[in-house]
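Quick notes on the structure that follows.
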Amino acid sequence: MRRLLWGILIAALLAAACQPAATPQPTVTPQPTATSQPTATPQPAATPTPAPGAGAQLPDLGGRELKIASDTTYPPFEFVDPKTNELVGFDVDLVNELCRLLNCKPMIVSTAWDGIFAGLEQKQFDLAASGITITEERKQKFDFSDSYLRYGQVVLVRADEERIRGKDDLKEKMVGVQIGTTNEETAKTLVADEAKQLKRYDTFDLAVRALLAKDVDAVVIDSPAADGFMAQNPGQMKIAGEPFTSEDLGLCFPKGSDLVAPFNAALKVLKENGTLDRLYQKWFKEYKPGQ
C-alpha cells in the first residue's frame with residue numbers, strides 16, 4: 001500500500017514537471033497619451049461669437065434685389081467720395097447693414113430729390129434712403145420706417161459772417177434752400193418776403209455753392225448735413241446759433257409696402273446691438289448717444 005502511494009506521488013510529480021510553467025503577467029498600469037497630458041474632461045464646443053443680430057428672428061428676403069432711391073449729393077448721408085469715386089455715407093452704410101440682416105441686395109439709384117417721391121408713388125423704387133424727414137403730410141402718401149435719427153435744422157453761413165447769429169436774423173437776408181424739403185417750409189417763415197428772399201436749388205450742394213459764392217447770405221439746412229458740408233469745405237462756413245427744430249428721419253416706402261415690417265425689425269436689431277451708434281459716431285461728429 002505504501003509503495004502504491006509513493007508510486008502515485010512520484011507519477012504526479014513527474015506529470016507536473018512536464019507542464020510548462022505559467023508566465024506571470026505584470027499588472028498593466030495605464031499610460032499617458034502621446035501628448036503626455038492627462039485625459040481632459042470633454043467640454044462643449046466653443047460657441048462662435050454671433051454676428052450683430054445673428055440671434056434675432058428676422059425675416060429672410062431670400063436675396064431679393066431692392067431698388068433704393070437716394071439724392072446722392074447730401075453729405076454725410078450719401079455722397080460720392082472724390083478720392084474713390086464711390087458712393088458713401090450714413091444712409092449707404094445703414095441700408096447695407098439692414099440688407100445684410102434681411103438677406104437682400106441693395107441697389108442704390110442716384111435720384112433727384114423731387115424724383116424720389118414721384119418714383120415711390122409710381123412704385124419704381126422699393127424704398128428711399130436719403131435723409132428723409134417723417135412728416136404727417138408725407139405719411140398720407142408714403143409709409144415710413146421707425147425713426148433712425150433725430151436732428152434739428154440750423155442756419156449755415158460763411159465763416160466771416162457777423163450779421164447773422166441765428167434764425168431771427170434772416171428777416172431781410174437772402175436765404176438758400178433745397179426745393180421740396182422741410183427746410184424750404186421752415187425758411188418761408190423766417191424771411192419777410194419769400195418770393196424775393198428765398199432762392200431754391202435742386203440740391204443742397206448747389207445751395208452751399210451759392211453761399212460760398214455770396215449769392216445768398218445763409219442756407220437753412222439739417223444740422224448733420226451742415227456738419228458734412230463744413231467738413232468738405234474746412235474753415236469756410238459755420239453754424240449761426242443753435243438748432244431750432246426737432247425732427248425724425250426714416251426710410252420711405254411706397255404705400256402698403258411689405259418691406260416696412262422687416263426693415264423695422266432689422267432696424268431694432270441695429271439699435272440694440274450698437275451698430276446704429278457706431279454709424280452715428282462714424283458719420284456725425286457731434287452725435288452723442290441718448291440725445
Side-chain angles (χ1 to χ4, degrees), residues 68-95 108-120 125 128-133 138 149 151-161 164 167 170 173-188 190-191 194 197-240 243 245 247 249 251-252 279 282-287:
I68 303 173
S70 186
D71 177 0
T72 56
T73 61
Y74 193 49
F77 290 97
E78 46 271 325
F79 62 102
V80 176
D81 186 335
K83 295 181 180 179
T84 63
N85 207 35
E86 294 180 352
L87 184 61
V88 296
F90 176 85
D91 284 335
V92 177
D93 283 356
L94 177 63
V95 295
I108 296 179
V109 182
S110 183
T111 311
W113 178 253
D114 55 352
I116 288 176
F117 300 102
L120 286 172
F125 306 114
S130 197
I132 301 174
T133 304
R138 288 173 180 166
L149 177 66
Y151 72 98
Q153 295 184 38
V154 296
V155 176
L156 184 65
V157 297
R158 291 181 295 276
D160 60 356
E161 177 63 68
I164 301 173
K167 64 182 180 64
L170 298 181
K173 302 297 186 294
M174 295 296 295
V175 179
V177 292
Q178 182 177 19
I179 192 168
T181 61
T182 55
N183 312 96
E184 179 188 12
E185 295 303 314
T186 299
K188 290 177 182 179
L190 300 178
V191 296
E194 66 168 283
Q197 294 174 250
L198 283 193
K199 286 195 174 184
R200 298 166 172 87
Y201 299 89
D202 290 334
T203 68
F204 268 116
D205 180 59
L206 293 176
V208 169
R209 292 184 191 180
L211 176 64
L212 294 175
K214 299 185 178 182
D215 292 333
V216 296
D217 299 308
V219 173
V220 175
I221 189 171
D222 302 338
S223 56
D227 291 336
F229 282 114
M230 287 190 296
Q232 287 187 340
N233 302 272
Q236 298 186 56
M237 294 178 289
K238 65 182 180 182
I239 292 174
T245 66
E247 304 176 42
L249 300 184
L251 302 172
C252 190
L279 296 184
K282 175 181 178 181
W283 293 107
F284 307 123
K285 294 180 180 180
E286 294 184 4
Y287 170 75

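Heavy atoms only: backbone and side chains are in, while hydrogens, waters and symmetry mates are out.
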Is there side-chain contact between [X] and [Y], with heavy atoms separated by less than 4.5 Å?
X      : Y      : value
Arg138 : Thr182 : yes
Asp205 : Phe79  : no
Gln197 : Leu170 : no
Lys173 : Val191 : no
Gln178 : Asp71  : yes
Arg158 : Asp217 : yes
Thr186 : Lys167 : no
Thr133 : Leu249 : yes

Once rounded to the nearest 0.5 Å, what's the spacing between atom [atom1] of [X] and atom [atom2] of [Y]?
X      : Y      : atom1 : atom2 : result
Asp93  : Glu78  : CG    : CD    : 11.0 Å
Trp283 : Leu94  : CH2   : CG    : 12.0 Å
Ile179 : Tyr201 : CD1   : OH    : 12.0 Å
Met230 : Asp227 : CE    : CG    : 4.5 Å
Gln236 : Asp160 : CD    : CG    : 10.5 Å
Thr181 : Asp222 : OG1   : CG    : 7.5 Å

Does Asp202 have more than 12 heavy atoms from other residues, nucleotides or ligands lying within 6.0 Å of its CG?
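12 or below, so no.
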Enclosure of Asn85 CG (heavy-atom neighbours >12, cutoff 6.0 Å)
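Count not over threshold, so no.
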Which heavy-atom pair separates [X] from [Y] by the least distance, and what is that distance?
X      : Y      : value
Ser70  : Ala129 : OG-O, 2.9 Å
Gly152 : Pro243 : CA-CB, 4.0 Å
Ala225 : Pro76  : CA-CD, 3.9 Å
Ala240 : Val157 : CB-CG2, 4.1 Å
Cys252 : Ile132 : CB-CD1, 3.8 Å
Asp91  : Gly131 : OD2-N, 2.9 Å

Any side-chain to backbone donor/acceptor pair from Lys238 onto Glu161? Under 3.5 Å, distance only.
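It does hold such a pair.
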Is a side-chain donor or acceptor of Ser223 paired with a backbone partner of Tyr151 at a separation under 3.5 angstrom?
no
Kindly indicate, with the supporting measurements, whether the criterion salt bridge (charged side-chain N to carboxylate O under 4.0 Å, His left out) is fulfilled by Glu194 and Arg200.
CA-CA 10 Å; Glu194 66 168 283; Arg200 298 166 172 87; 2.8 Å; yes
Result block: side-chain N/O donor-acceptor pairs under 3.5 angstrom for residues 108-117, not counting sequence neighbours:
unit_1, atom_1, unit_2, atom_2, d
Ser110, OG, Thr72, OG1, 2.7
Thr111, OG1, Val109, O, 2.8
Trp113, NE1, Gly180, O, 3.1

Should the pair Asp215-Lys199 be classified as a salt bridge under the 4.0 Å nitrogen-to-oxygen rule?
no
Please lay out, stage by stage, how Val216 and Val175 fare under the test side-chain contact (heavy atoms from CB on, under 4.5 Å).
CA-CA 6 Å; Val216 296; Val175 179; over 6 Å; no
Geometric class of the Phe77/Phe284 ring pair [parallel <30°, tilted 30-60°, perpendicular >60°]:
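Aromatic pair Phe284/Phe77 classed tilted.
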